[in-house]
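Take a look at the structure set out below.
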Amino acid sequence: MKKILIISPHPDDETLGCGGTILKNIKNGHQVHWLNMTTMKKSDGFSKKKIDLRAKEIKKVIKLYNFKTYKSFNFSTAKLDVYPLKDIIKELNNVIRKIKPETIYIPSIYDNHTDHKITHEAVKSCFKWFRQKSVKKVLTYEVLSETNISFNRKKQFLPNVYENISNFLNKKINIMKIYSSEISKHPFPRSKRAIISLAVLRGTQSGFKYAEAFELLIDRSS
């Protein structure tokens with residue numbers, strides 16, 4: 001049994017980026033933990049209605065995935081850049097030491113959203129082998145509306161690991177639908193059609209009906 005940690009800047013990134021892989025790993029008997037980096041707050045302009053709705057959505061998502069644990073930091077949504085990076089790294093290190101995951105999934109450094117970039121940079125700072133000896137693999141995932149709408153033409157998400165999610169795509173989509181305010185009709189980037197299309201594309205690249213793609217950053221498993 002492996003311990004796996006999924007780190008998302010916001011709720012819904014975990015599902016868009018690796019929902020099928022999460023479901024597959026849990027079905028295979030592995031422990032999957034979910035860490036969310038940010039929290040909606042009234043002081044940042046979010047209404048109580050929106051905050052309460054998000055809390056209900058998260059609760060439903062946790063139950064459907066059957067995560068081993070869930071934790072959310074108290075950093076403000078869309079404001080990770082206002083916090084000292086050392087404070088974010090400290091919080092991350094504490095969680096990683098407690099869970100002792102073998103594999104960690106994080107967002108791509110090439111994503112458009114600042115929260116995604118900072119999450120990536122902060123997590124990478126935790127992976128010196130002599131400080132986090134449990135961690136054997138680190139992979140980045142792609143997020144519709146962030147990874148695929150990057151205007152950096154010199155540096156792009158280049159997947160080199162593919163996960164067959166053919167048996168899990170439908171449930172991934174059903175879980176994504178729980179985030180009602182984050183999904184809409186085509187051509188909106190986070191649509192059912194876009195999720196299926198990306199899974200088809202990654203499947204054609206890897207020989208599966210449907211797949212999720214990742215970029216392997218660290219592999220100390222051998």
Side-chain angles (χ1 to χ4, degrees), residues 1-39 58-59 61-75 77 80 83 85-109 111 113 115-143 146-147 157 159-163 165 168 171-172 175-176 212-222:
M1 178 186 67
K2 293 190 297 185
K3 289 184 180 181
I4 298 167
L5 177 60
I6 312 295
I7 302 179
S8 62
H10 321 101
D12 83 346
D13 293 324
E14 81 297 331
T15 297
L16 288 168
C18 44
T21 301
I22 293 169
L23 292 164
K24 184 177 182 179
N25 275 288
I26 290 174
K27 182 176 175 59
N28 288 339
H30 301 307
Q31 276 189 17
V32 182
H33 304 256
W34 178 19
L35 170 63
N36 185 60
M37 295 291 292
T38 62
T39 299
I58 291 171
K59 189 174 181 180
V61 168
I62 292 169
K63 184 176 181 179
L64 284 172
Y65 277 122
N66 193 26
F67 285 113
K68 182 68 176 179
T69 63
Y70 168 75
K71 181 176 178 61
S72 183
F73 290 151
N74 197 41
F75 301 120
T77 298
L80 269 184
Y83 298 94
L85 189 60
K86 65 181 180 62
D87 293 348
I88 300 173
I89 292 169
K90 180 180 179 181
E91 294 290 337
L92 282 165
N93 268 320
N94 289 339
V95 170
I96 294 168
R97 288 193 189 102
K98 182 177 180 179
I99 295 174
K100 293 182 173 59
E102 296 173 44
T103 302
I104 298 180
Y105 291 86
I106 64 176
S108 172
I109 189 61
D111 287 3
H113 203 299
D115 283 356
H116 288 230
K117 295 177 187 292
I118 292 173
T119 296
H120 181 101
E121 290 291 359
V123 176
K124 280 205 307 186
S125 298
C126 301
F127 293 146
K128 292 179 180 178
W129 67 266
F130 50 87
R131 289 183 179 165
Q132 299 291 355
K133 293 184 178 181
S134 72
V135 179
K136 306 303 180 186
K137 286 187 178 182
V138 180
L139 303 100
T140 65
Y141 53 81
E142 57 183 335
V143 176
E146 299 299 342
T147 318
F157 177 79
N160 53 6
V161 173
Y162 296 84
E163 196 71 51
I165 63 162
F168 304 97
K171 188 169 183 180
K172 168 179 174 168
I175 292 174
M176 187 60 204
E212 287 174 340
F214 305 93
E215 192 170 4
L216 181 65
L217 298 184
I218 294 173
D219 187 354
R220 298 194 287 254
S221 57
S222 59

Across all chains, not counting sequence neighbours, the side chain to side chain contact (heavy atoms under 4.5 Å, CB included) partners of Asp87 are Pro84
Heavy-atom distance under 4.5 Å between the side chains of [X] and [Y], does that happen here?
X      : Y      : value
Ile218 : Lys124 : no
Met176 : Asp12  : yes
Ile96  : Ile104 : yes
Ser8   : Pro107 : no
Thr103 : Tyr105 : yes
Leu35  : Phe73  : yes
Thr140 : Ile109 : no
Ile7   : Leu92  : yes

When rounded to the nearest 0.5 angstrom, what is the spacing between [atom1] in [X] and [atom2] in [Y]?
X      : Y      : atom1 : atom2 : answer
Asn94  : Ile99  : CG    : CD1   : 11.0 Å
Ile175 : Leu16  : CD1   : CG    : 11.5 Å
Phe75  : Leu80  : CZ    : CG    : 7.0 Å
Ile118 : Ile89  : CD1   : CD1   : 11.0 Å
Glu102 : Lys137 : CD    : NZ    : 10.0 Å
Asn36  : His10  : CG    : NE2   : 8.0 Å

Closest contact, heavy atoms only, [X] versus [Y]:
X      : Y      : result
Leu64  : Lys171 : O-NZ, 3.3 Å
Gly17  : Phe214 : O-CE2, 3.8 Å
Ile58  : Trp34  : CG2-CZ3, 4.2 Å
Ser108 : Thr147 : CB-CG2, 4.2 Å
Lys117 : Asp111 : NZ-O, 2.8 Å
Thr15  : Lys172 : O-CE, 3.1 Å

Report the C-alpha distance between Asp115 and Met37 in whole Å, list the side-chain angles of each, state the deciding distance to 0.1 Å, and finish with yes or no for side-chain contact (heavy atoms from CB on, under 4.5 Å).
CA-CA 9 Å; Asp115 283 356; Met37 295 291 292; over 6 Å; no
Under 3.5 Å, side-chain donor or acceptor atoms of residues 21-32 against the rest of the protein: list the pairs with distances, not counting sequence neighbours.
from: Thr21; atom 1: OG1; to: Glu212; atom 2: OE1; distance (Å): 2.6
from: Lys24; atom 1: NZ; to: Glu163; atom 2: OE2; distance (Å): 2.9
from: Lys24; atom 1: NZ; to: Asn164; atom 2: O; distance (Å): 3.1
from: Asn25; atom 1: ND2; to: Thr21; atom 2: O; distance (Å): 2.9
from: Asn28; atom 1: ND2; to: Lys24; atom 2: O; distance (Å): 3.3
from: His30; atom 1: ND1; to: Lys2; atom 2: N; distance (Å): 3.0
from: Gln31; atom 1: OE1; to: His33; atom 2: NE2; distance (Å): 3.1

